[in-house]
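Read through the structure below, which is laid out as structure tokens, and then see the notes.
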Amino acid sequence: MLRRRGTRNTGHEEQSELETTYYADAEGPNLTETLQSENETDEIYDATQTFGGPYSFFGRNCSYIAIAILCRVAAVLLFHNFLISQPEWTSPLVSIKNLRDGVILERESLTSAAGNLIRMLPSVIFFFNKVIDVSSFPLLIIFHIFFDIVTAYLLSKAAFKIQGDSTVAQIVAKCFLLNPLAIGSCACLNLTTFHNALLATVVYFFAQGSAMLSSFFLGLATVSQMFPVTLIASIWIQFSDWKQIIKSIIGFTAGVSLYLGINYVLSGNTWGFASNIYGFMVNYEDLKPNCGLFWYFYSQVFEHFRTFYEYVFLANSFLYVLPLTLALRSDPVLHLTLSLLLLVTLSPYPTLGDAAIYMALLPLQQRHFKSLRYSLLIACTITTCVCLMPIMWHMWVVSGSGNANFYFAVTLIYNVAQLYILLDLLMAYFRAEVTEVIPEEITEGTNFVLH
Amino acid sequence: MFWKILLLTLFGGILASNEESYVEELLISRLPSDHHLAQFRFIITSRSLELGPNYELFPRVLGQLLQAHGIQELEYIATQGVWHSDHYGPPPQPASSTGAFLSAKFDGPSNTVDDRWLSVVNSLNGAFCASLLSMVPAETYKQKNERKGDYPKAKKLFSRAGTLPREALCTENLTPWRKLLPCKQNGLISLLNPHKLYGSLFHSMGFHIHPECKDNSCWYRLELSAIVLFDVPISENRRLDWSLKSFFDRPISGVCNAATRSTVLVHQHEEQADSDKPADVITINGQQFAVYPTEQILGEKTEGNIFVRYTKSVDLHKKNPPRALSISSTLGGKDTFSGLLLTTIKNNENEKHTVVYEQVLPWWVRFHYHTKQVLCHDSKQEIVKPYVANRVFSGAIDRKRPAYIQMEIELPANSKCIVSYNFERAFLRMAEYPPDANHGLYIPAATITLMKRISTGLPEDSRCTERLGNSSECEPRAKQMVFSNVLLVPMPVPDFSMPFNVICLVGTAVSLCFGAVHPFSTRILVPINEKLPGQSIWRTIFRGILLVLMAGACYMEYNNISLNALRREIEKLLSFQF
Amino acid sequence: MRWCWLILAISTVEGILQTGLQLKIDEFFESPGHTNNWAVLVCTSRFWFNYRHVANVLSLYHSIKRLGIPDSNIIMMLAEDIPCNSRNPKPGTVFNAPGGVNLYGSDVEVDYRGNEVTVENFIRVLTGRHHESTSRSRRLLSDHQSNVLVYLTGHGGDSFLKFQDAQELTNVDLGYAIQTMFEDNRYHEMFVIVDTCRSESMYEYINSPRVLSTSSSLTHEESYSYDIDHEIGVFVIDRYTHFTLDFMNQNVKALNSSASLKDYLDSCPLAQCLSTVGVRRDTYPKDPAKVRVTDFFGSARILHYIQEDIVFDDAWLVEPVTYQL
Amino acid sequence: MTGSGRLPILEKILNKAPHIALIAYVGAIYWAFTIFRPEMCEHTRISEHALMGGVVNEKFDQEGVYAEVLHGLQNKKDKREFLLDRLTNYGVYAYEQRWKTTVGVLNASGVNVWGTTRGFRGPSAESILLIVNQNDAQATALLVALAGYFRSQLHWSRDIFFLLSDGGVLGVEAFLNAFHLTSSKSLAFDALQERGDYLLATLSFKTNVGQKSNEMELYLNQLNGALPNLDYVNTIVRISGLGRFRMPTVLYDLRDSNKGQDIPWWIIPARALFTQAFVSVEDLHSLSAKYGTSGVMLGLPLKTQSSVRKSAKLIEATVRSLNNMLERFHQSFFIYVLADEDNFVSIAFFMPILGGVIAPLLIFAYREWVYSIEALEIPSIIWVVHSIGILTWTASSHFFGDEQALVPGDETPWIILLGTLLIPLALFWKVPPTAISSLRFVLLLEAALAFGLVSLVNFGLALLTALPSVPLLILFTRPQNDRPRYRQGFRLMFSFLTHPLALYIFWNVYVSPMLMMEGLDAANLQLFDVVYPIKKIVSSNLLVGCNLFPLLTVVAIPIWNLLVSLSLPVDSIGSGS
């Protein structure tokens, strides 16, 4: 009896779990369609690689773009001040406040004496000083919304290219456009939107099959955030023949040197900004809480171990390139997604908005969703944590009724949940691999053991 | 009659400046707010700029300090209490805000300046029983707005200064300070009674050494000053009458023979009814002062004590005219993370004043430069932007130097100007919090330096009283500074009992990530259809051990046995020897 | 005229007897091997309500000063500024009994105070490793002929002593520091007094020779405060210190007093202390009954002729560091 | 690593879901009735040694001043002028502060009188605030007497501020805003003439309600369920219990002659939870929590000469021990439930109650997820109701926040607002039959999450709302495909009655009398008085920032809407099943 029910339900379970991750990521009024789309994808599941018809981004999701813009505008107007006062949404590297400081100091030409007030690239400050006036609110809003839509566009184009299936591409677009995390970080007017756009460009050219360009943009991303450098591995998996790799190396170096050069010139031929940004990241100077793993660690760790741990964790954030490359050499897209995830989890000053980009790419892994085991748990955990963060912050800092541990606990769990996505996907991927190799071995009760 | 003699001795003291000289004076005056202010000044001038090897009057400690570190100018002031300039008016000079203020100007090579500064702080720390070490380097800044001293030859000088708002001032500081004087028991010094000083409204104590030149002969001038502000009597009989006894509850004992001049000056107040007969009454900048030489005070009639009686008793309802110029700072905000620092400067005079505003913000105050605002409400309560010139700004560097802001503000007449910043607190490392972390940290007070002096009714500069008798105008050389109050910033604190837990938890999270990735890259996944093999015996054993340990832990927790007790038991068992 | 002779005779006899007695006493006590005395007095606890710890230290400070140890030989650490604390209704004073005498006259010299009372600085003082420009008054300049008295009070626990509510000095640290002193020849004999809760544990690891240690309570005991002053609104002294100081004031009036360390150690019986005084003798060769209290609590100018020459390795002795200008 | 198999324990839970849910719910209630018994719960202790309550000799002796000021207050015409004059006379710097409301819901204004005496020997960077109400003559007189007395003492390490609030809690709000340099949407006020720095704690007092000559009443509920530090409360209780005071503490003015001496033990904790949940502003102290400081209100016996002296000394002792403390309140508890003046229940014990109460939601949600969800499909109604909720909230707070919005006596805007809140939007929005189970699932989860989050800041509210609504949620989300029509109709009708406002009224009208406190009385509720609760909620939100209103519009009412839509007769939305 029980068993039968179980068997009957597994089918539902797959789809439902598949959809849940959507639910967790994109809380949008979108899932009626995704259901149908799901049914289609199930039919064409085996023929995934066959490309569908042409896919026009704006044509297919105009309504969602409209809703997205609406949400973002509303969010900025209602919640901007609240959100920028919340540590998990901003970081010194991206927050609008520090940007304003930078621009004002630039205008009063005090940048040289600023000490470590500025954590932004000279080019960024130049941009917001000359091109877009940082003090004009509407302009900023337009700027950020524009970049979000660009990101969504690039991502869904890439998705279409990869899966050759317009519905998946659509889902990807929706996952980004209607993702509360993306909306929130847009409402903060963080530079995160800009960074996401850069990474999205990388993904786009990655999918379009141009090693040179994607590496070039990766170069830019590396200069602005430093940690994305790990993504080069996925590019090399994707384009694994030597000519391409050399191309990509050329592109990467070109991007890095170009962007660094620009900043060097703009900062009056000094490398001062480097220590203020990369040094700042490497030896974790600012212990302001964020949604990352390490802020509380570095405020608590014993002084004589500090340097040791700094280097260990720095190494750790680059450590996964090799094993992941070995493990996922045959699935660059998954590799890319997971690298993006690790990027968010292990970087020193993450913001919630950073997560939006890999979450948007998750639907590309839909064929694995049937064998995800913690999807419900992860989805609920992430939602709960994101809701809990402001409350814990309030209890700690405003009302004083709680202490730092509360907030730390939430951020920790949030990150563990993210790591579980990685773990789950890897497991699912290898199960799928095994199933492809020896389908006859696999039955209901099969256990899988790492050997 | 008498003061002629006095004057002779005096001029002797001043003119023959290639002799070491020592002058002491006490100036007692009544402020517009009916508080009484007592200023002690002890001035020692050295023979020349080469001090030592044998010291007569000039204190050896300081002499050696100056020589050893190549210091041109040195100032140290420690203060208890706050000078509420909106009630008391501009403070007497030299003054400082609550805590300790130390500044030095070095000549010589620039590369050793920081070492020398550290060394100076260290030595003063020992010499004055102070605790100044935390000043270096995080609280040390380079003053851009120095008090002027005149120097023998134009040297390149390097200035270092620091303030410690938390620094306490107490008897143990007074004693070494007193030891700097030629007369440690006799003379005016005998009035300084700790119990009265530290019970007073405001008390500051310090010294200032700087070179002085007159027709190409130069010498060091050391001025030790102590300031005491006494509260108004609010008990039943509200008589303002005072005597040295009532202020210091002891009379002057003995005369200091080393002093070329030793006088008590009493500011003449219009309500003054009668007093001991002064030797002389002099006028400085239109203010009248009664002069009492110490010898006279020690005479049998007064026996070391002089008194003043007033016609009226204190009237607290009296609407005093608002003080000429006042400054005060406030901290705004509801939470312990972000905040607003707001400094209010009131100019109640009918002319506009240009002041130099200085603020030192420690590095853990991450203030947002773009929120810096200077606004004035003029006499008609309209908001105007004042004229702001020569901005100086140097941003903070974490754990290295504080932020330093300085600007020249032109205060409109009868205006109230507001300088404000928004800021966020930095989150410190656990070792960086003070022992009483939940108390919070202090921001040094903002200061304004007046470009044009305003009269406080006091001769701020002892040079004015040096030329006793000739009632000429006297323009003090020391700049006039007004201090606001220091601010307490409650900091957001971590849980100090957590380090091990946090390290373990974060370590676990990271290892979880590693544990997810690593096996997949080194092993392969195999499907197994038969029943899984039971777990190995070792794992069982391991778990057993864990279980035992946990049980033991619970047991110890239950009959609260400390780990050390356990250790002793074990050592006893093994008869373990260290 | 005869009378004078008689008086003279009597007086001389008297004198002889006296000296004889003196000699006897001197024989009774073992001869002190030291020439100078040093003391390190530490109050480790912050906050106004720990008034009593400061009072403890100051009381001891005064009685050893009375017996001739000069300020230059006393390193005093006070973690909180009690006398001039704005909560103090009697500014600039500290009392160790209601209506007692003020312990904070104008002759008090505090060497380390406030935030500078840290474990690090305490260890530095003992081991003599300072920043080069640290002034003499903050250094323990003892040598192989000094008797050193170390007195610690504050809040303690099993095998640690809390510094300022933030750091801990463990008994192991203390033991190592003293061992280092021994190896550097920084003391001749040492007397360690710990007046905290569970203070016996503090000298568990002091295994260096010629060190006598005592504590206000055994490892499983708390030690208690003695007196409360409702005018100031605080507890003013701890029991152990109170009774031992009583003993000092009653029986050790002058340097030549014949009170022995044993008397000192017995001066706070359980009935009064409410906690058992712990003593550790095994590292101390002499018999406390045969050692004068004043060997540690006083400073007699005892002269010894020394053959071997002493090498001073302290750089600052020459002059304060001068920089080439 | 095993394949996708469910843990056996989960299987069990799924099979026995209703029973387990019931057990959890009942168990939680039983647990509550166990731990709130005074004999069961922890005895309060003071973890902050620095307070040293009652160690000092109190020396207050200014009854003369008290009598004089009291007399003056009864006779003088211009009371404010008189108060200012007295305060200045005793050497306290005294000033006025004018304030007025700028919102439509209330048109009030007042003039606070406040003074300060500086702790002149310290850096004068911290403050303690004493508050009374100006129209409480005795308390005012006592405060003035205390101010004069404190001015003459020299052992203050903190500045002491004295606030004679005009217009009760709004006056306090104006003062605290000016003190913290913050601005308020609902109030316009003068800036303070003197600076005021970090506020350690506030202590308000008034003449006690239950006219006992020896009892001290203790009020401690603050805005949005915040509570003062338990050490602070304890210190006061301890001091008042000292031999020289012997003032028994009375919580929530219970144990009062005209309310019967002996009350059942559960009244006090129940009252604690209830006030925490629904009484947004208890008294003058209630707003301190907004500014991160602890505030307590004392009801003091100020009848006889001796009791006045005793009360004054009590306050002196309290302020002295606040003065003793070096750090801010950081140890001890901020989240607790007082079962009795010297017994409390800590969060570790009472959180399980809520856990048990919302467990059924989670269990059923999981059951839904496993058994009946074909494919998770979020019907757009969820987004619609929530966004409408946010709209209602922002729109109405803008409208009522506007000064000229309301004509006095005109109820229409209120009725419109009430209407919008009462409309079951579910009736107009189609839920595809396939999505019903997903909707159920999401609804249950959302409710659980909401209760959980609220419980962290306002446990009383979370518990008291969860208690009735959890069973309702379970009942009204049961699948009803095979039910006869009439039962479905009934269910629909009843589902209307589960409206949050209805629950609110239910608590305030019917339950509060059981807790011996005056709620709205049901007897003379006119038709238009239906708007009373919503009025109360909205204005308390606008004036002092009580968060009941946003919670109601953004969370509670949407949930209700979803509930209704779930209990719509199935074939009326044309499902083929």
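The chains referred to below are lettered A, B, ... by the order of the sequence lines, with proteins before strands, and numbering in each begins at 1. Fair warning: this is a prediction, and the values are worked out from it, not measured in the lab.
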> Does C/Arg138 make a cation-pi contact with C/Tyr112 (under 6.0 Å, within 45 degrees of the axis)?
Replying inline: yes
> Is the NZ or CZ atom of C/Lys90 both under 6.0 Å from the centre of the six-membered ring of C/Phe95 and within 45° of that ring's axis?
Replying inline: yes
Report yes if the distance between the aromatic ring centroids of [X] and [Y] is under 6.0 Å, otherwise no.
X	Y	answer
B/Tyr433	B/Phe496	yes
B/Phe230	B/Phe248	yes
B/His69	B/Phe106	no

Structural part of [X] lying under 4.5 Å from a heavy atom of chain B:
X	answer
C/Asn102	side chain
C/Val110	both
C/Glu204	side chain
C/Asp81	side chain

Counting heavy-atom pairs closer than 4.5 Å to chain C, which one of [options] comes out on top?
options	answer
B/Leu124, B/Thr175, B/Leu169, B/Asn125	B/Asn125
B/Pro194, B/Ala127, B/Ala565, B/Ala130	B/Ala130
B/Gln80, B/Glu167, B/Arg178	B/Glu167

>> Would C/Arg46 and B/Asp436 count as a salt bridge (charged side-chain N to carboxylate O under 4.0 Å, His left out) here? Give the steps.
In response: CA-CA 8 Å; C/Arg46 196 178 193 82; B/Asp436 45 5; 3.1 Å; yes
Heavy-atom distance under 4.5 Å to chain C: side chain of [X], backbone, both or neither?
X	value
B/Ser131	both
B/Asn173	side chain
B/Leu174	neither
B/Leu132	backbone
B/Arg568	side chain
B/Leu563	neither

>> Between B/Tyr76 and B/Phe101, does the ring-ring contact (aromatic ring centres under 6.0 Å, His included) criterion hold? Intermediate values first, please.
In response: CA-CA 6 Å; B/Tyr76 170 67; B/Phe101 169 78; 9.1 Å; no
Top of [options] for chain B proximity - count of heavy-atom pairs under 4.5 angstrom:
options	result
C/Gly175, C/Ser159, C/Ser86, C/Ser201	C/Ser159
C/Gly114, C/Ser137, C/Ser106, C/Ala166	C/Ser106
C/Asn115, C/Asn85, C/Thr118	C/Asn115

>> For the CD atom on C/Glu168, are there more than 12 heavy atoms of other groups (residues, nucleotides or ligands in this structure) within a distance under 6.0 Å?
In response: yes
>> Counting only heavy atoms not in C/Arg281 (residues, nucleotides, ligands), do more than 12 fall under 6.0 Å from its CZ?
In response: no
> Would C/Lys65 and C/Glu109 pass as an ion pair if we require N to O under 4.0 Å?
Replying inline: no
